[in-house]
Structures are given as C-alpha cells and as structure tokens.
Amino acid sequence: MKDKKLKILTNVLGPSYRSNDEFLFHCPYCNHHKKKMSINIDKGYFKCWACDTRGKNLYRIIRKYGTHNDKSQWRDITGTVDYEKLEDLFAEKVEEKQILDMPEGFVSLANKDIPPTGFAARNYLRKRGITKQDIVWWKMGYCSKGEYQNRIVIPSFDDEGDLNYFVSRSYDRKAYPKYKNAPASKNIIFNDLFVDWSSDIILVEGVFDAVVAGRNSVPLLGSTLNQNSSLLQKIVKEDACVYIALDPDARKKELEIIKTLLDFDIEVWKVNIGENEDVGSMTKDNFQKCLNKATLITSDNYLLLTLAMSV
C-alpha cells in the first residue's frame, strides 16, 4: 500500500527524495523552489518547513491538488470518503441569503471616543478581560436605546460583508434575559468574512468563548452541528482542520459533532478545558495551553473517547 500511495503522491506533487522515514516533495501550498514538503506515508503526516502548512490526513493534499483519477485511486486504497458525493448532499440545502440591520441605538465601542452612555458597557467588557483589540476585531458595540438597550452587541458578517446575525448580552441587571439575539436564523457562519479557512478552525459554543479562543474561532451559537448546517458545509468544502472546545456539560453533543466531522473525513482535534465552566471564563493564555495539548481524534480512537467521556 505504501508504494501505491507514493506513486499517487508523485503524480500529484512530482518527484521526491527520501530522508529517513520521510519523503521530501515540492510544497503545492507555497511553491517553494526547494523540496520543503515532508511527508511520512506510514503515519499520514505532512509538513512544509517553509510555509508551515501541516496535517495528519494526506488525502487533504490529494483532494486539493490531484486529478479525479488520483482521488479515485487513493479512495480505493484507503477507503477514504468520496467528498464529491458528500457535497452533492448539500446541493439542494442552500438557504436564501440573510441580511439584517443593526439594532436600534447601536453605538460602536471601537471608536476612540464614546458617549457617556457607553462607559458601563466598556467597563463590563474590561472586567471580562476583553481588550480594545478584541473590541475592534469583533466590531463590538452597545445599544443606548430600543429593544437591545443596555446590552453589548456583537455583529456577524457573511463572506460578502453583509450583516447576517448579531448576539447581545446584558451588562445591566435590569436587562432581561441575559442573552437576546437577532430574531433570525442561526444557520449562518458567524463572521465568515474574517475567517481564514486555510488555517485551523476552532469551534466553540458562544461568541464570548470565541473571543477567548482566538480570531480564527467560530461560535456554533449552540452546541450542535448537523448536515443542514451552513457551517458544516463550509468546513467540508474548505477541508478545514477543526479543533473543538465545548463546555464540559455538552459532552454528549460534542461527541455527536466529532462523529459528524469524522463521517466527512475532517481532521478533528479535541480540546480539553479541564474544570473550567466554559472557554469564555478562561484567560487566553490558559486556553492556548489547553489548545496546545489537544488530542487528535480518529475513527480508531473515537470509540475509546466515547467510553471515557461516558464514565
């Protein structure tokens, strides 16, 4: 099988030379003039020493740069999922584009000068450890009047820059309920405009979790991810590597999401946040430490994970 895999990789990437247990190819991601793409066929690992593109699923390379015949041969050898057939399942499930308006009284907190009505909102964010850079990146604001008065508002923009959702969180005890989101479908990709799909994606439950997790994190706006999800479709289309970091009380749903991603042959890593209530309650440094210790989940060890999380 190894020789057959090497032949397909050679068809896709060109000739290579061997270095111990690895083969060195030209990197198709950065097109470095030297052979900087190191591939361990036995383990399925690859890494470019020039652009740092890496992964643990060689089919990601075959699928992205190979011909139909290359992909077909690889699937015959390894039993890898046929992405083309899976993407056909999504064809008739694309929803109509959703465009919203900002809520009444919205005031951006990203501005240098804010009116006195915004001091309480800014102080609330400061107490949560949210920096000015976070406020600017996530386009945070608050409402000075209207239905969302005395609430932090975090908008979401689709890949064309249109507002497709927003979440709000009260910073005044008089504002009830605590969370009050846009009266619109949650089947969107939160802040798709700013997601780098060529890099690793971190899936979390809520927006404040995403602020802690980092700029390439995407909130699920809940704890589910099903086949009708626009987010799942985008992950499969982009063949993104996913790190999943849900709250400890959502273990069952987390397992379901991991299983769904594995069914679509997505590279999945589980982030264990320990005894923390949720990602949003952690410091950024602590979360990064957990992220660095994430566990790769495969079809082989998924059952063991299921048993361990059921104890």
Side-chain angles (χ1 to χ4, degrees), residues 100-157 161 163-182 186 188 190-196 201-223 243 245-250 271-292:
L100 307 181
D101 294 320
M102 286 292 192
E104 180 185 5
F106 177 82
V107 179
S108 174
L109 287 167
N111 298 328
K112 183 177 180 180
D113 298 315
I114 60 173
T117 53
F119 292 167
R122 187 171 58 185
N123 288 338
Y124 168 80
L125 293 175
R126 185 182 295 119
K127 290 178 180 178
R128 291 198 64 151
I130 294 174
T131 66
K132 183 177 180 180
Q133 290 75 20
D134 294 329
I135 292 172
V136 172
W137 177 264
W138 293 94
K139 309 296 184 289
M140 295 184 188
Y142 73 100
C143 284
S144 60
K145 61 180 180 179
E147 183 180 356
Y148 295 87
Q149 184 176 3
N150 297 332
R151 294 177 177 277
I152 300 294
V153 174
I154 305 179
S156 165
F157 301 93
L163 182 73
N164 61 356
Y165 200 74
F166 62 81
V167 302
S168 79
R169 205 281 187 195
S170 64
Y171 56 85
D172 185 335
R173 293 180 181 179
K174 297 179 182 178
Y176 181 84
K178 183 187 296 185
Y179 287 95
K180 187 174 183 179
N181 300 337
K186 290 184 179 181
I188 53 96
F190 200 94
N191 264 354
D192 192 4
L193 181 65
F194 303 111
V195 177
D196 179 5
I201 307 299
I202 306 172
L203 294 186
V204 293
E205 290 191 39
V207 176
F208 284 100
D209 297 328
V211 174
V212 171
R215 294 184 174 181
N216 221 41
S217 56
V218 181
L220 294 166
L221 303 177
S223 53
Y243 286 74
L246 303 192
D247 301 351
D249 62 1
V271 182
N272 185 350
I273 64 171
E275 300 299 321
N276 294 283
E277 181 181 353
D278 53 37
V279 175
S281 66
M282 303 173 68
T283 65
K284 294 176 183 177
D285 287 342
N286 284 340
F287 179 77
Q288 283 300 315
K289 290 177 182 178
C290 293
L291 187 67
N292 292 337

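Residues: numbered from 1 along the sequence shown. Model, not experiment: these values are computed from the prediction.
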Stepwise side-chain contact (heavy atoms from CB on, under 4.5 Å) test for V107 and T117 | CA-CA 9 Å; V107 179; T117 53; 5.6 Å; no

Would N286 and V212 satisfy side-chain contact (heavy atoms from CB on, under 4.5 Å), going step by step from the backbone distance to the final call?
-> CA-CA 10 Å; N286 284 340; V212 171; over 6 Å; no

Verify side-chain contact (heavy atoms from CB on, under 4.5 Å) between F287 and N276, making sure each step is shown before the conclusion.
-> CA-CA 10 Å; F287 179 77; N276 294 283; over 6 Å; no

Should N216 and I201 be marked as a side-chain contact (heavy atoms from CB on, under 4.5 Å) after you check the CA-CA gap, both sets of side-chain angles, and the distance that decides it?
-> CA-CA 6 Å; N216 221 41; I201 307 299; 3.5 Å; yes

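Interatomic distance, K145 NZ to F106 CZ, rounded to the nearest 0.5 Å: 14.0 Å.
A heavy-atom distance below 4.5 Å is found between the side chains of R215 and Q133. For the pair W138 and N191, the minimum side-chain heavy-atom distance is below 4.5 Å. Between Y171 and L125 there is no side-chain heavy-atom pair separated by less than 4.5 Å. Inter-residue side-chain proximity for E147 and P103 is flagged as unmet; no heavy-atom pair is nearer than 4.5 Å. The closest side-chain heavy-atom distance from Y179 to V167 is not below 4.5 Å.
Looking at S168, its side chain does come within 3.5 Å of a backbone N or O of K180 through a donor-acceptor pair.
The neighbour count for N292 CG, taken as heavy atoms of other residues, nucleotides or ligands under 6.0 Å away, is above 12. Atom OH of Y176 is surrounded by 12 or fewer heavy atoms from other residues, nucleotides or ligands within 6.0 Å. The local environment of CD in E277 is sparse, with at most 12 non-hydrogen atoms from other residues, nucleotides or ligands closer than 6.0 Å.
Between P248 and I273 the shortest heavy-atom distance is CD-CD1, 3.7 Å. F190 and V207 get closest at one heavy-atom pair: CZ-CG2, 3.7 Å.
Pairs of residues two or more places apart, or lying in two chains, never qualify as salt bridge (charged side-chain N to carboxylate O under 4.0 Å, His left out) while including a residue from residues 108-127.
Aromatic ring centres of Y148 and F166: separated by under 6.0 Å.
Residues passing the side chain to side chain donor-acceptor pair (under 3.5 Å) test with N181: none are found, sequence neighbours excluded.
The aromatic rings of W137 and F194 sit tilted, their planes meeting at an angle between 30° and 60°.
With respect to D134 and R128, no salt bridge is recorded, no charged nitrogen being found less than 4.0 Å from a carboxylate O.
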